[in-house]
Amino acid sequence: MQLKIYDSIKKEKVDFFPINPPKVRLYVCGPTVYDDSHLGHARSAIVFDLLRRILRENGYEVLFAKNFTDIDDKIINKSLQSGLSVAEITQTYTQKYLDEMAALGVERADIEPKATESLESICAMIEKLLEKGFAYQTPNGDIYLSVEKDPQYGSLSGRVAELETQSRIQNSEQKRDARDFALWKSYKGIGDIGYDSPFGKGRPGWHIECSAMIKKHLAYSGEYAIDIHGGGADLLFPHHENEASQTRCADNQTIAKYWIHNGFVTINGEKMAKSLGNSFFIKDALKNYDGEILRFYLLGTHYRAGLNFAEEDLLTAKKRLDRIYRLKKRIYPIQKIDEGECCEFREAFLEALNDDLNVSKALSVVDEFVAKANELLDKKQKDKAPMIAGNLVIIERLLGIGSKNPFAYFQLGVSEEQKNEIETLIAKRNEAKKQKDYAEADKIREELRKMGIEIMDTFEGCVWEKF
């Protein structure tokens with residue numbers, strides 16, 4: 001089956017053909033680690049986790065890198081405001097990000113470079129740009145890339161009209177052109193941080209780190225540096241435009257053969273961002289919802305479309321996930337898995353995902369499977385359990401959902417104290433039934449129902465779930 005992806009630059013779906021099959025090199029812009037991550041970060045991470053899973057299912061060997069920006073004006077400002085060192089801040093929020101991504105079922109990247117650990121590569125690229133005449137150093141020590149020296153600048157995003165108002169670029173009287181962007185920021189003294197370099201003490205600009213990291217960890221020789229470059233739609237300009245320009249000027253390479261960008265998460269129609277004061281932090285969402293439920297919700301809208309966060313939609317997504325777990329419960333504990341009988345389901349499922357990560361179509365395939373599987377089990381066709389289990393494994397492998405014990409899944413959101421109370425009541429009910437005091441048993445069942453707990457008597461004993 002042919003994988004098709006939407007190339008952000010060509011603005012159309014194209015067939016995906018890697019540079020050096022079966023290898024695929026994928027780079028995604030990671031977070032600037034100065035504060036808690038919000039659902040916009042979560043969505044991007046989940047989108048590219050899904051892409052990685054689909055690539056692997058298609059037989060590709062994926063080398064995946066996601067960077068951490070740990071040198072930035074916002075980090076320095078946070079340090080000044082909090083009294084904490086830059087290292088304390090970045091280490092804290094890097095680990096928080098990794099922990100939260102794990103809770104969302106996002107697999108860690110193969111390579112996780114940091115700006116502070118890539119200074120040698122960054123400086124080497126800046127030196128090359130200076131030597132080739134594409135960059136210049138101002139009297140105060142700052143270094144800029146000269147946009148007018150790159151005739152292809154703007155070809156990536158097509159947003160040349162916005163050059164005058166590029167985000168993250170500070171105006172400077174020493175810049176030759178207002179469009180030029182910083183490669184190196186000289187040390188400004190108290191309230192700044194600086195690292196030794198061939199150009200004097202200072203720190204790298206934001207854009208140069210990704211170009212340097214790609215060159216250091218992933219780049220092929222030849223026309224293209226890597227197969228796929230990804231990130232949020234807000235990064236297309238100016239960040240990715242500037243990355244492409246640096247790499248083109250320094251190494252005469254196109255930085256990526258394909259570009260993929262995910263859409264925004266919005267709240268009340270506004271892009272979710274810390275600067276707008278409308279961030280829904282992942283840590284807060286995880287207090288109320290299990291990470292797998294959040295993952296399933298964020299997966300449900302096509303990655304290129306905007307997602308307007310709404311709690312009622314999240315609850316609807318949970319009900320859909322519930323159906324998968326109710327099916328798993330019917331064959332649990334799983335004694336045997338047989339993917340050999342799953343060819344038809346896998347083909348339809350992967351065909352949908354290969355159509356530019358069409359999760360909506362893929363989930364319709366899942367819904368159809370769940371309905372048919374329940375019909376088979378209703379007809380007492382227990383011999384189909386290994387096939388059903390095999391399909392559930394495929395869903396887990398590709399979507400990253402469905403791995404929990406199904407009984408534990410339906411107990412999510414219940415505290416340990418509540419669990420102890422529930423188990424005590426169930427033990428009392430069991431004793432009442434043993435004494436044939438069915439009125440007392442029914443009374444306890446009703447008491448549990450008032451607590452939002454449903455109980456079921458099975459051959460393996462009484463089980464319960466939250467409803």
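The basis for the numbers below is simple: all heavy atoms, side chains too, and nothing from hydrogens, waters or symmetry mates. Owing to the predicted nature of the structure, the values given are computational and were not obtained by experimental measurement.
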Would you say the side chains of [X] and [Y] form a donor-acceptor pair under 3.5 Å?
X	Y	value
N242	Q246	no
D70	Y93	no
R330	N374	yes
N308	T266	yes
E243	S211	no

How close do [X] and [Y] get, heavy atom to heavy atom, and via which atoms?
X	Y	answer
L299	L399	CD1-O, 3.5 Å
P18	V24	CB-CG2, 4.0 Å
I214	A225	CG2-CB, 4.2 Å
A45	Y97	CB-OH, 3.9 Å

So, does [X] use its side chain to make a donor-acceptor pair with the main chain of [Y] at under 3.5 Å?
X	Y	result
R248	I255	no
Q81	K78	no
S44	G40	no
S415	Q418	yes
H302	D356	yes
R25	D227	no
D290	E292	yes
N58	I54	yes
Y258	I5	no
Y332	L327	no

Problem set entry | Derivation and outcome, side-chain contact (heavy atoms from CB on, under 4.5 Å), residues F349 and L363 | CA-CA 8 Å; F349 189 47; L363 288 177; 5.7 Å; no
State the [atom1]-[atom2] distance between [X] and [Y], to the nearest 0.5 angstrom.
X	Y	atom1	atom2	result
L321	T316	CG	OG1	12.5 Å
L183	E209	CG	CD	12.5 Å
N67	E117	CG	CD	11.5 Å
L84	T92	CG	OG1	7.5 Å
I260	L357	CD1	CG	7.0 Å

Exercise. For the rings on F281 and H38, is their centre-to-centre separation under 6.0 Å?
Worked result: no
Using a strict cut-off of less than 4.0 Å between a Lys/Arg side-chain nitrogen and an Asp/Glu carboxylate oxygen, indicate whether [X] and [Y] qualify as a salt bridge.
X	Y	answer
D284	K287	yes
E396	K328	no
K379	E375	no
D36	K283	yes
K66	E112	no
D7	K257	no
K74	D72	no
E107	R53	yes
D73	K185	yes
K96	E100	no
E339	R346	no

Exercise. Yes or no on side chain to side chain donor-acceptor pair (under 3.5 Å) for S245 and Q152, after CA distance, side-chain angles and deciding distance?
Worked result: CA-CA 8 Å; S245 178; Q152 294 184 59; over 6 Å; no
For this session: Evaluate whether atom CD of Q2 has more than 12 neighbouring non-hydrogen atoms of other residues, nucleotides or ligands under 6.0 angstrom away.
Result: yes
Problem set entry | Over 12 non-hydrogen atoms of neighbours within 6.0 angstrom of CD in E344 |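 Counting neighbours around CD of E344, 12 or fewer heavy atoms of other residues, nucleotides or ligands fall under 6.0 Å, so no.
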For this session: Identify which one of K13, K4, K361 satisfies the side-chain hydrogen bond (donor to acceptor under 3.5 Å, both in side chains) criterion when paired with D355.
Result: K13
Exercise. Can you tell which of F264, Y297, Y289 makes a ring pair (Phe, Tyr, Trp, His ring centres under 6.0 Å) with F309?
Worked result: Y297
Is [X] close enough and on-axis enough to [Y], meaning under 6.0 Å and within 45°, for cation-pi?
X	Y	answer
R179	Y153	no
R304	Y6	yes
R326	F410	yes

Exercise. Under the salt bridge (charged side-chain N to carboxylate O under 4.0 Å, His left out) criterion, do K419 and E416 qualify, and how do the steps go?
Worked result: CA-CA 5 Å; K419 285 181 181 179; E416 286 304 314; 3.7 Å; yes
Exercise. Parallel, tilted or perpendicular for Y325 and Y409, by the 30°/60° rule?
Worked result: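 Because their plane-to-plane angle is under 30°, the rings of Y325 and Y409 count as parallel.
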Exercise. Are side-chain heavy atoms of K466 and M451 found at a separation under 4.5 Å?
Worked result: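 No, every pair of side-chain atoms sits at 4.5 Å or beyond.
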For this session: For a side-chain contact (heavy atoms from CB on, under 4.5 Å) with K215, tell me which candidate from I122, T247, D251 qualifies.
Result: D251
Exercise. How far apart are the C-alpha atoms of H240 and H207, what are their side-chain angles, what is the distance that settles it, and do they pass the side chain to side chain donor-acceptor pair (under 3.5 Å) test?
Worked result: CA-CA 8 Å; H240 290 163; H207 312 295; over 6 Å; no
